Amino acid sequence: MKQETEEQQDFVKEVTKMSDDFDRWYTDVVRKAEMADWSGVRGMMVVRPYGWAMWEAIMRAFDDMIKESGHENWAFPLLIPREYLMKEAEHVEGFAPEVAWVTKAGGGMEELEEPLAVRPTSETIIGAIIKRYIQSHRDLPKLTNQWNSVVRWEMRSRLFLRSREFWWQEGHTFHASGQEAMDEAQLILGYYRSIAEDWLAVPVLVGKKSPAETFPGAVHTLTLEGLMRDGLALQMGTSHYFGQNFARAYDISFSNRENERELCYSTSWGISTRLVGALVMAHGDDSGLIVPPRIAPTQVIVVPIFRDDEGRAKVERFISSWAGELKAAGIRHRVDWRDERPGDKYAHWELKGVPIRLNVGARDADAGNVEMVDRLTRERVSIPVAGIGQRLTKALDAFQRELFDRAQKFQRDNTYELGTLDEVVAHFRERGGFVWAGWCGDAEEEAKIKADAGGVTVRVIDEATEAAGKCLVCSKPAKFRVALAKAY
RNA sequence: CGGGCGGUAGCUUAGCUCGGUAAAGCGCCUGGUUUGGGACCAGGAGACCGCGAGUUCGAAUCUCGCCCGCCCGACCA
């Protein structure tokens, strides 16, 4: 059954091999699988239906989670008056380099009195607006979210990973106590972890960001990091606790039970279309995408095989005798009736990463079987059509688990524990992955790691584990246990 | 935003050095033969040669400006 490894590698012809050039492989796959493209406007991408459908699956899953815990979707303005943006000092400084401005409008391109920023994120305008709706502790917590796109004037772009416009959700919540807001940030981090691990099948490290990497204006930032197949880490979401920083800047206050004026505590959090890129880079292979079943726009593709009209009619009758069962089982499936040869269709759907394929020809119809092939192992098994809905549901669940297990094994195999900066530098000269080490917490030492090890940064601080041993740079007792990596 | 490279049909590219009828493969359309791992034959459509200016009798080719992309740096969801 599995004699043809080399042969299988050749199935997809036009995609650069992952081992030859990971970056080109990534771009080839995203474009050939019809997920996204460049638009002609610098750094601005167009997300095509196949890619957008994956984002839709993520949106549905996450939207359900936050609705369940009382969050509500809003729509806030795209353009932000300059004065709003200027109020939180660290925030302005952090975002200033990447804000795009609208300075002219109208047929005569008249200069605006006040330039308007195209939102790079909406803390400022939401802060300025939301205070109207918060007067009493009874108005709290205020749990808002919006699904939108934002613009950041990036100098270098990559499909899904970094583009000048990207789609995301941004949640902004306001609370009566710091503890409640911190709990909120943690709750969302848990949701994000579930999206990454349970939906995208990408295992993640979670923890706090170092002060240098903390979101501008935040007290602390929680983050999750996945490991891509080239050994680079990718930030897959962030959840920020602001304390009263934004409330102070925007005067968001409420009357507490004692009838005293008090500033709110706030959070913000986001995941973006970058996750679609993460799924490509965490699971794909030389034949193209491998899409986790829970995200897959098409979970099961049926390839009919026939010689003539009579054969076609027979196969068609056979398929329609059990296709209803797939529908009843809630399986997203399609039958590929295109006028192409079977081999062409196999390669096509492998490139698109459809988890399970059913080959159905006359001999299957006669036997009441279909040939099931899964995208991960490529093993072919003949299965009876009786109970096919249940059978495929199980197979898809198993596929989802195997994909996660495989990614988790990859992450484990590429995670190391090192003690000194020399070791870290030597390590990253040779390979990628995560390196756990002790750190004293000093910003200077962090900068030294980044400089000496060629862009290696502190990705997460593991707060669940007590730091032991010494700082890898200065050998003072370590305050934190941190995961280091090169990242996108 | 700095340094390097590139842009010719839907895609990948040749042609450019040395100016002179725009080419190929893949893809697409039509017909036929085919169909259990990327088929074959025949015919056909498809190109403001990235955009604009300049030099020239004549520009895909030379010059300048701009736009877009790729690689390397700094910045980054």
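Source: prediction; values computed, not measured. In the text below, chain A, chain B and the rest are named by the order of the sequence lines, each starting its count at 1.
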Which is true for Gly361(A) with a 4.0 Å heavy-atom rule: it touches a base, it touches only sugar-phosphate, or it touches nothing?
base
Do Asp63(A) and Trp147(A) get their side chains close enough for a donor-acceptor pair, meaning under 3.5 Å?
yes
Regarding Leu161(A), tell me which of base, sugar-phosphate or nothing describes its non-hydrogen contacts under 4.0 Å with the strands shown.
base
Quick one: is Arg341(A) getting a side-chain N or O under 4.0 Å of the G36(B) phosphate, OP1 or OP2?
yes
Lys352(A) NZ/CZ over Tyr50(A) ring centroid, <6.0 Å and within 45° of normal:
yes
When we call it a touch if two heavy atoms are under 4.0 Å apart, what does Arg24(A) touch: a base, just sugar-phosphate, or nothing?
nothing
Taking A77(B), A74(B), G69(B) as options, the one with an atom nearest any side-chain atom of Arg156(A) is A74(B)
Between Glu170(A) and His172(A), is any side-chain donor less than 3.5 angstrom from a side-chain acceptor?
yes
Taking C75(B), A74(B), G36(B) as options, the one with an atom nearest any side-chain atom of Glu154(A) is C75(B)
Of Val360(A) and Arg164(A), the one whose closest RNA chain B nucleotide lies more 5':
Val360(A)
Whole-Å C1' distance, U21(B) and G58(B)
13 Å
Reckon Asp364(A) touches a base, only the sugar-phosphate, or nothing at all at heavy-atom distances under 4.0 Å?
base
Pro342(A), nearest nucleotide to its side chain (from C71(B), G69(B), G36(B))
G36(B)
Partner of Asn73(A) by side-chain contact (heavy atoms from CB on, under 4.5 Å), out of Lys67(A), Gln146(A), Gln169(A):
Lys67(A)
By nearest heavy atom, map Glu165(A) and Gly43(A) onto RNA chain B; which one lands nearer the 5' end?
Gly43(A)
The side chain of Ala347(A) is closest to which nucleotide in this list: C28(B), A77(B), G38(B)?
G38(B)
Within the 4.0 Å heavy-atom criterion, would you say Ser163(A) contacts the bases, only the backbone, or no part of the nucleic acid?
base
Would you mind pulling out the nucleotide paired to G25(B), Watson-Crick or G-U wobble, both distances under 3.5 Å?
C11(B)
So do the side chains of Met45(A) and Arg164(A) get within less than 4.5 Å of each other, counting heavy atoms only?
no
Do the side-chain N or O atoms of Arg307(A) get closer than 4.0 angstrom to the phosphate oxygens (OP1, OP2) of U34(B)?
no
Kindly say if Trp38(A) contacts the phosphate of C70(B), meaning a side-chain N or O under 4.0 Å from OP1 or OP2.
yes
Contact class for Arg357(A) (heavy atom, under 4.0 Å): base, sugar-phosphate, or nothing?
base
